[in-house]
2 protein chains.
Amino acid sequence: MTATPATCDRILDAAERLFAEEGFHATSLRQITQAAEANLAAVNYHFGSKQALILAVFRRRLDALNEARLARLDQALAGSDQPDLEEILEALVVPALALTHGNADDGHRFMRILMRAFADRDDHLHRALSAEYAHVMRRFASAIVIALPGIDELKLRRQLDFIVGALTHTMAESCSKDARAIADDLVQFAAAGLRSSVSVQKPDGASRTLEIHS
Amino acid sequence: MTATPATCDRILDAAERLFAEEGFHATSLRQITQAAEANLAAVNYHFGSKQALILAVFRRRLDALNEARLARLDQALAGSDQPDLEEILEALVVPALALTHGNADDGHRFMRILMRAFADRDDHLHRALSAEYAHVMRRFASAIVIALPGIDELKLRRQLDFIVGALTHTMAESCSKDARAIADDLVQFAAAGLRSSVSVQKPDGASRTLEIHS
DNA sequence: TGTCAATTCAAACGTTCGATTCAAACACCT
DNA sequence: AGGTGTTTGAATCGAACGTTTGAATTGACA
């Protein structure tokens, strides 16, 4: 299918850039193939259809992103019986800015695409995205339950959505040079938010979290 | 311009629904006018162009949303010299779910549109959106600085982006019947995140922040 | 060098798009 | 009723869309 690296990848790169800038439907195959210096028919030859190209652009990075997240999560959990919450959150957040494998704007662009995909009722795309994300989020939820025993799991699901939303929105809006600082701030912000729901839930004196009062 | 309520508003309603479901570019004027039981030419007559219709759909709710936010913010600030952080955050979050003025799905739909608009490099739309949001966010940042004196203002800007991203993402993804619980969780989550950056910044004993109530 | 499969190319297909036109229908005022 | 400005209707425009086709080109192996 995708034997040669040349045309096939040039199309993926051009499509990713244009999709991020203009959107899926607003970008024509003629724009993509022109930017990729490829023939118009090359898209349907290599990918079958425009919809399949969208999915290919999408999977190329998201698969790697979520794989990196889970690998880093395993690493964070391997240390001890009581994993560090901040390390878990870094496993969720930091790989997102490692998307910038070559061009420094790649991560920024892909976050825009990610936000579009979330916003789209594109069905095929939205379905595939939600399914894959659900698996990853379940893993992270389990890890956080270990790090913060007693946390309400329904609330945790929502809070994970908060974190993903904050990460996606902020990285899509901000320039990529701030990505590292954003990630650090988000980890701290999210850790405090998560801990707060535990300390409210378990007001018994032995709470190890949040004992900075007056 | 928009004297009669009938056709003009029917078009706006249909456009909002279709934009949320299909996206701006994927929705044709023919779909909109057919759903609105109006003539194709009515769109260009009433709004001038498709782009202007998008802006009109957008402004109709966003103006009201941000107005409600600022009104509730003023109310939260009027109470005392030391405003309550949770009340400020509620002023940011709660009006978003009050968008559901008639149909319960309206707010959910509009959040999808909002996310699309953020993701779009639509330029006119993105520019107008960012400008209007910047004004509101500046007001909220000032209020939070009063509620949490000593907070780092650059970090606060990022944290406000976290909150807006979490709100938009979560309300767009979840069904609207959970909106109230989501808002409550988000306020608590965000308040803890904001307070954490202050307590880290000012570890001197007299920190008045973070007094775990109840 | 000849062969064959993989890839690229130019050209065209039918469809749908946003926009425009002009006449008919409507509402409102004197 | 007659005149005026506003709104809708049906038809049509050129442009751009995604897709398809079949011939030209390439490159590896015999």
Side-chain angles (χ1 to χ4, degrees), chain A residues 1-60 113 116-117 120-126, chain B residues 1-60 113 116-117 120-126:
Chain A
M1 300 286 180
T2 64
T4 68
T7 302
C8 209
D9 284 348
R10 280 206 319 274
I11 289 176
L12 281 174
D13 289 336
E16 179 176 291
R17 182 169 54 81
L18 288 168
F19 284 159
E21 289 171 0
E22 312 286 343
F24 298 126
H25 289 94
T27 303
S28 69
L29 295 187
R30 287 168 174 83
Q31 290 178 262
I32 293 171
T33 51
Q34 183 177 340
E37 299 182 53
N39 188 269
L40 172 61
V43 169
N44 279 282
Y45 175 76
H46 285 287
F47 301 97
S49 69
K50 183 184 183 180
Q51 176 75 5
L53 171 63
I54 294 175
L55 266 169
V57 165
F58 202 82
R59 290 199 176 282
R60 179 172 66 152
I113 295 187
R116 273 185 210 282
D120 267 347
R121 175 81 78 187
D122 216 330
D123 285 341
H124 296 103
L125 186 54
H126 194 265
Chain B
M1 295 285 184
T2 64
T4 67
T7 303
C8 204
D9 283 347
R10 280 206 318 275
I11 289 176
L12 280 174
D13 289 336
E16 180 176 291
R17 180 169 54 81
L18 288 168
F19 285 159
E21 289 172 359
E22 311 286 343
F24 297 127
H25 290 94
T27 303
S28 69
L29 295 186
R30 285 170 176 82
Q31 290 178 262
I32 294 172
T33 52
Q34 183 178 340
E37 299 182 51
N39 187 269
L40 173 60
V43 170
N44 280 282
Y45 174 77
H46 284 288
F47 302 97
S49 70
K50 184 184 183 180
Q51 175 76 3
L53 171 63
I54 293 175
L55 267 169
V57 166
F58 202 82
R59 290 199 175 282
R60 180 171 65 152
I113 295 186
R116 272 184 211 282
D120 267 348
R121 176 80 79 188
D122 217 329
D123 284 341
H124 295 102
L125 185 55
H126 194 265

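Residue numbers start from 1 in every chain, and the chains themselves are labelled A, B, ... in the order their sequence lines are given, proteins ahead of strands. When reading the values below, keep in mind they use all heavy atoms of this one structure, side chains included, and skip hydrogens, waters and symmetry mates.
Protein atom CG of B:D9 is 13 Å distant from nucleotide atom P of D:dT7, rounded to whole Å. When the P atom of D:dT20 is taken as reference, atom NZ of A:K50 falls 15 Å away, rounded to whole Å. Regarding A:I11, its CD1 atom lies at a distance of 10 Å from the P atom of C:dC9, rounded to whole Å. In this entry the distance linking CG of B:N44 with P of C:dA19 reads 5 Å, nearest Å. Per the geometry, CD1 belonging to B:I54 stands 14 Å off C1' belonging to C:dC17, to the nearest Å. We find that CG of B:L53 is positioned 12 Å from C1' of C:dG18, with the value rounded to whole Å. At whole-Å resolution of the value, CG in A:L18 and C1' in D:dC17 are 16 Å apart.
Comparing A:A26 and A:G48 by the nucleotide of DNA chain D that holds the closest heavy atom to each, the one mapping nearer the 5' end is A:A26.
Of the candidate nucleotides C:dG18, D:dG18, D:dT7, D:dT7 has the atom lying nearest to any side-chain atom of B:H46. The side chain of A:Y45 lies closest to C:dA6, out of C:dA6, C:dT20, D:dT19.
Residue A:F47 comes nearest to A:C8 through the heavy atom pair CZ-SG, 3.7 Å, listed as atom of the first residue, atom of the second, then distance. Closest approach of A:A35 and A:R17 over heavy atoms only: CB-NH2, 3.6 Å.
Here B:R60 pairs with B:L12, B:D13, B:E16 under the side chain to side chain contact (heavy atoms under 4.5 Å, CB included) rule; sequence neighbours left out. In terms of the side chain to side chain donor-acceptor pair (under 3.5 Å) criterion, B:R30 has no residue partners (sequence neighbours excluded). Not counting sequence neighbours, the partners of A:T27 by the side chain to side chain contact (heavy atoms under 4.5 Å, CB included) test are A:L18, A:F19, A:E22, A:Q31, A:I32. Applying the side chain to side chain contact (heavy atoms under 4.5 Å, CB included) rule to A:A42 yields the partners A:T7, A:I11, A:A38, A:H46; only residues at least two apart in sequence or on another chain are considered.
Of the inter-residue distances, the one linking A:F24 atom CZ with A:K50 atom NZ reads 10.0 Å to the nearest 0.5 angstrom.
Listed pair A:T7 / C:dT8 meets the phosphate criterion, a side-chain N or O lying under 4.0 Å from OP1 or OP2. Considering only side-chain N and O atoms, A:S28 lies under 4.0 angstrom from the phosphate OP1 or OP2 of D:dC17.
DNA chain C is contacted by B:R30, B:L40, B:A41 of residues 30-41 of chain B, taking any non-hydrogen atom closer than 4.0 Å.
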